[in-house]
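Worksheet for the structure shown next.
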Amino acid sequence: MKTRSQTAPKPLKTVALGPRPGSPKRRPRPKPAGKGDLRAPKKPPTAFFYFMEDFRKTYKQENPSVKSMQEIGKACGEKWNTMAFEEKVKYYDIATEKRAEFEKAMIEYNKKKESGEMSEESD
DNA sequence: ATTATGATTGTTGTA
DNA sequence: TACAACAATCATAAT
């Protein structure tokens with residue numbers, strides 16, 4: 001089975017990967033306190049995030065002194081850009097599968113919503 | 001105690 | 001085509 005890098009072949013493009021034009025402060029995330037749509041499937045992490053999961057472990061092992069994620073984030077980005085495409089494909093595959101699952105979950109979520117989630121809140 | 005912020009790239013939706 | 005917003009993480013600052 002070969003790597004099904006469907007979306008992998010071209011990680012480039014999109015908008016300038018460098019300094020994005022006009023990047024104002026990202027709006028603060030809504031407080032999780034409101035248990036509104038906890039059942040709504042959230043966007044799956046991207047390949048980069050999966051890579052970060054592994055990277056964090058390694059990074060912490062070699063740099064137990066590091067504290068915040070910011071340094072790790074930079075290190076991740078730098079490493080990611082230097083990573084070989086073949087190694088990236090591995091993460092792209094995971095992300096791709098997760099996206100498919102996410103879409104499926106979204107469909108079921110919509111169905112459930114129409115089913116009776118609106119009038120009766122089980123649980 | 002609780003919440004927002006900081007940085008990183010990828011994916012997606014909208015105009 | 002191009003931009004805006006959001007995904008996880010977690011120490012830190014602020015209230």
Side-chain angles (χ1 to χ4, degrees):
Chain A
M1 221 138 354
K2 310 168 104 156
T3 51
R4 46 165 86 106
S5 50
Q6 296 175 357
T7 59
K10 285 153 100 176
L12 309 174
K13 291 307 251 51
T14 58
V15 71
L17 295 177
R20 287 182 295 197
S23 68
K25 282 168 43 167
R26 293 173 180 167
R27 292 169 40 186
R29 302 191 296 189
K31 354 166 115 168
K35 18 172 146 149
D37 298 349
L38 286 179
R39 301 142 34 146
K42 295 190 262 201
K43 296 168 26 173
T46 63
F48 176 69
F49 275 39
Y50 284 111
F51 165 66
M52 203 205 287
E53 286 185 40
D54 284 345
F55 190 87
R56 277 183 321 132
K57 294 176 186 175
T58 302
Y59 195 91
K60 289 196 76 132
Q61 284 178 7
E62 299 190 13
N63 305 288
S65 307
V66 174
K67 304 174 179 183
S68 307
M69 276 289 309
Q70 291 145 333
E71 186 163 347
I72 298 178
K74 288 181 190 172
C76 274
E78 191 174 352
K79 176 72 174 289
W80 181 260
N81 287 322
T82 59
M83 261 172 87
F85 171 77
E86 294 179 358
E87 307 204 42
K88 292 203 224 171
V89 167
K90 169 177 161 190
Y91 296 100
Y92 278 107
D93 286 345
I94 298 172
T96 301
E97 289 184 30
K98 287 295 175 189
R99 270 179 285 147
E101 191 177 342
F102 163 71
E103 286 184 46
K104 194 164 86 168
M106 189 52 113
I107 292 170
E108 287 190 38
Y109 167 70
N110 287 334
K111 281 168 72 176
K112 261 170 127 185
K113 230 165 125 181
E114 291 181 2
S115 188
E117 186 268 340
M118 268 173 130
S119 22
E120 185 173 352
E121 299 180 23
S122 56
D123 266 47

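Reminder, nothing fancy here: chain letters follow the sequence lines and each chain counts from 1.
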When the distance from CZ of A/F55 to C1' of B/dA7 is rounded to whole Å, what number comes out? 13 Å
A/D54 CG to C/dT9 C1', in whole Å, measures 14 Å
Passes salt bridge (Lys or Arg N to Asp or Glu O under 4.0 Å), A/K98 versus A/E101? Steps please. CA-CA 5 Å; A/K98 287 295 175 189; A/E101 191 177 342; 3.7 Å; yes
Once you round it to whole Å, what is the distance between P of C/dA7 and CZ of A/R99? 16 Å
Which of A/F51, A/F49, A/Y50 passes ring pair (Phe, Tyr, Trp, His ring centres under 6.0 Å) with A/W80? Answer is A/F51
So CZ of A/F48 and NZ of A/K79: to nearest 0.5 Å the spacing works out to 11.5 Å
When you match A/A95 and A/A75 each to their closest nucleotide on DNA chain B, which lands nearer the 5' end? A/A75
Give the rounded distance in Å between these two atoms: NZ of A/K74 and C1' of B/dA7. 7 Å
Nearest whole angstrom, please: distance from the P of B/dT8 to the OH of A/Y91. 20 Å
Heavy-atom nearest nucleotide on DNA chain B taken for A/F49 and for A/E103; more 5' hit belongs to A/F49
Side chain to side chain, A/Y59 and A/R56, heavy atoms closer than 4.5 Å: no
Tell me the interatomic distance from A/M52, atom CE, to B/dA7, atom C1', rounded to whole angstroms. 8 Å
To the nearest angstrom, how far is A/K43 atom NZ from C/dA4 atom C1'? 10 Å
In whole angstroms, the gap separating P of C/dA11 from NZ of A/K60 amounts to 6 Å
